[in-house]
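For reference, the structure discussed in these notes is given below.
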Amino acid sequence: MPGSGDDTAGYSPSQSAAFYRLQEARGRIIEQLSQVIVGQSQVIDELLISLFSRGHCLLEGVPGLAKTLMISTLARTLNLTFSRIQFTPDLMPADITGTEIIEENRSTGSRERRFLEGPVFSHIILADEINRTPPKTQAALLEAMQERQVTVGRVRHRLADPFFVLATQNPIEQEGTYPLPEAQQDRFMFKVFVKYPTFEEEFEVARRTTAVQADDIQPVLSDEDILDLQRMVREVPVTDHVIRYALSLVRQTRIGYPGTPEFVDETLAWGAGPRAVQYLILGGKARALLQGRTHVSTEDIQALAKPVLRHRLVLNFAAESEGKTPDELVDRLVSMTPTKEDELTKDARFQKIFAS
């Protein structure tokens, strides 16, 4: 826990200060969000892990679960600029990235090109119902998410830093939608399921939202604070065993490879790529810090396995027709992957995975 003597052993004074500042910031962010959001603690934790890991999130949930409110309030809490893009079938790429216009210079009479920035030029982007727009427009976010820049014509325009894309999609209305291509889903660090509240949480939602209320959201972190904490996350040490454990989980999802379980070959059409390993380790670092630890454990990897892998595993037709889900497969893989180093390295099946 924060405050114990060994928490920041080996850290410089500035790193130790950042460590405790992150602990304090997490508590203050949750305190501010609780003025507006009831429950959803796991969703909020996964959003914060993604933010401090420089990742992006895809949120899936039925309407009315406060996804948009949660994201806009988070932006206010972090004192960051915020843009909401409502994705519709007629939305064009230039509506997101911006466009060049020809403008007359009144003093000289000459005409000059000027770039008008689109809504993507903000710190936090809410891509609302991203599956409502065609792939051409969905792809307008690809360069922004990966390179943190936008290219218009021959000119590259740098985006704000930190930059955080939160996309939502509705799982129940599929008519007239355009499912995200696997290549774009892979750019999202997490796919987060926003679930129905418990009875007590929904009772509190009903009580709050049907009465006069006013929130007083105070900024907790500046953009420079967030960048400092993102750098600190990457400095968290990870043992070879934890890296090997994360690799073991991901490589077991690749069909036809040595050591892959038989049920994976029978269930999946495609497995997870190297980004899954990178995000498991980065997310594990951020989760460890947010929980008051300066080291990553296999428990961190296990906790993040579902949000990292569920949108990277493509089920085959037979598995889909039987109602199987990627989460069920991840649970099974986690249960059959040893967490102790000697058990993992001495297992004959995993030795095949390490040698492939």
Side-chain angles (χ1 to χ4, degrees), residues 47 50 55-65 67-72 75 81-101 115-160 163-194 269-270 272-273 275-276 279 307-317 320 325-326:
L47 287 178
S50 181
H56 309 288
C57 270
L58 178 63
L59 287 83
E60 184 173 294
V62 300
L65 296 182
K67 298 186 294 295
T68 302
L69 179 62
M70 186 187 308
I71 294 165
S72 61
T81 56
F82 170 72
S83 291
R84 174 181 176 178
I85 307 172
Q86 186 64 50
F87 280 71
T88 56
D90 59 346
L91 195 71
M92 298 297 291
D95 297 328
I96 298 172
T97 59
T99 187
E100 286 187 336
I101 62 171
F115 178 67
L116 288 180
E117 294 182 349
V120 76
F121 286 85
S122 293
H123 290 110
I124 295 183
I125 308 299
L126 170 57
D128 213 1
E129 295 194 282
I130 193 171
N131 57 336
R132 295 284 173 200
T133 201
K136 178 181 179 180
T137 305
Q138 292 173 353
L141 281 175
L142 276 175
E143 183 185 12
M145 293 171 66
Q146 188 66 28
E147 307 297 336
R148 287 173 163 74
Q149 67 181 23
V150 168
T151 303
V152 178
R154 298 182 179 180
V155 182
R156 295 177 181 175
H157 304 271
R158 299 298 302 177
L159 296 175
F163 179 71
F164 190 33
V165 174
L166 292 159
T168 68
Q169 59 182 18
N170 183 344
I172 59 176
E173 295 177 14
Q174 296 303 318
E175 186 175 348
T177 61
Y178 304 83
L180 278 177
E182 281 73 21
Q184 184 154 5
Q185 290 195 56
D186 195 44
R187 261 67 173 191
F188 288 98
M189 179 176 185
F190 290 157
K191 181 176 182 180
V192 179
F193 287 157
V194 184
W270 203 258
R275 276 199 188 95
Y279 284 143
V308 168
L309 292 174
R310 61 169 56 115
H311 57 300
R312 293 182 164 87
L313 305 182
V314 181
L315 301 179
N316 59 32
F317 177 78
E320 284 188 338
T325 66

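Any value given below was found using the heavy atoms of this structure, including those in side chains, with hydrogens, waters and symmetry copies removed.
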For [X], what residues pass the side-chain hydrogen bond (donor to acceptor under 3.5 Å, both in side chains) criterion, not counting sequence neighbours?
X    : answer
T168 : D128
Q184 : none
D95  : none

With sequence neighbours excluded, residues passing side chain to side chain contact (heavy atoms under 4.5 Å, CB included) with [X]:
X    : answer
R156 : Q149, T151
A139 : L142
Q146 : R187, R275

Where do [X] and [Y] come nearest, in terms of heavy atoms and distance?
X    : Y    : value
A140 : T97  : O-CG2, 3.9 Å
L91  : T137 : O-OG1, 2.7 Å
A272 : L313 : N-CD2, 3.9 Å
Q138 : P179 : OE1-O, 4.1 Å
Q185 : L58  : OE1-CD2, 4.5 Å
F164 : L47  : CZ-O, 3.7 Å

Give every residue pair that meets the ring-ring contact (aromatic ring centres under 6.0 Å, His included) criterion with at least one member in [range], sequence neighbours excluded.
range            : answer
residues 130-160 : F115-H157
residues 125-145 : none
residues 124-151 : none

Exercise. Output yes when a side-chain donor or acceptor of R312 lies under 3.5 Å from a complementary backbone atom of D186, and no otherwise.
Key: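 Confirmed, R312 side chain pairs with D186 backbone.
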
Look at the side chain of T133 and the backbone N and O of P89, then say whether any donor-acceptor pair between them is shorter than 3.5 Å.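 No; judged by distance alone, with no hydrogens or angles, the pair does not exist.
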
Could you give the distance from [atom1] ([X]) to [atom2] ([Y]), rounded to the nearest 0.5 Å?
X    : Y    : atom1 : atom2 : result
E143 : R148 : CD    : CZ    : 12.5 Å
I130 : L59  : CD1   : CG    : 11.5 Å
L180 : Q169 : CG    : CD    : 5.5 Å

Q | Pi-cation contact, F193 with R310 (under 6.0 Å, within 45°) | A |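 Yes, R310 and F193 form such a contact.
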
Using atom types as modelled, flag every donor-acceptor pair under 3.5 Å from a side chain in residues 117-126 to any protein atom, sequence neighbours excluded.
from	atom 1	to	atom 2	distance (Å)
S122	OG	S83	OG	2.6
H123	ND1	T81	N	3.2
H123	ND1	T81	OG1	2.9

Do [X] and [Y] come close enough that some side-chain heavy atom pair is under 4.5 Å?
X    : Y    : value
Y279 : P307 : no
V165 : F188 : yes
V308 : F190 : yes
R84  : S72  : no

Which residues pass the salt bridge (charged side-chain N to carboxylate O under 4.0 Å, His left out) test with R158, sequence neighbours left out?
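Per chain and number, R158 pairs via salt bridge (charged side-chain N to carboxylate O under 4.0 Å, His left out) with no residue.
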
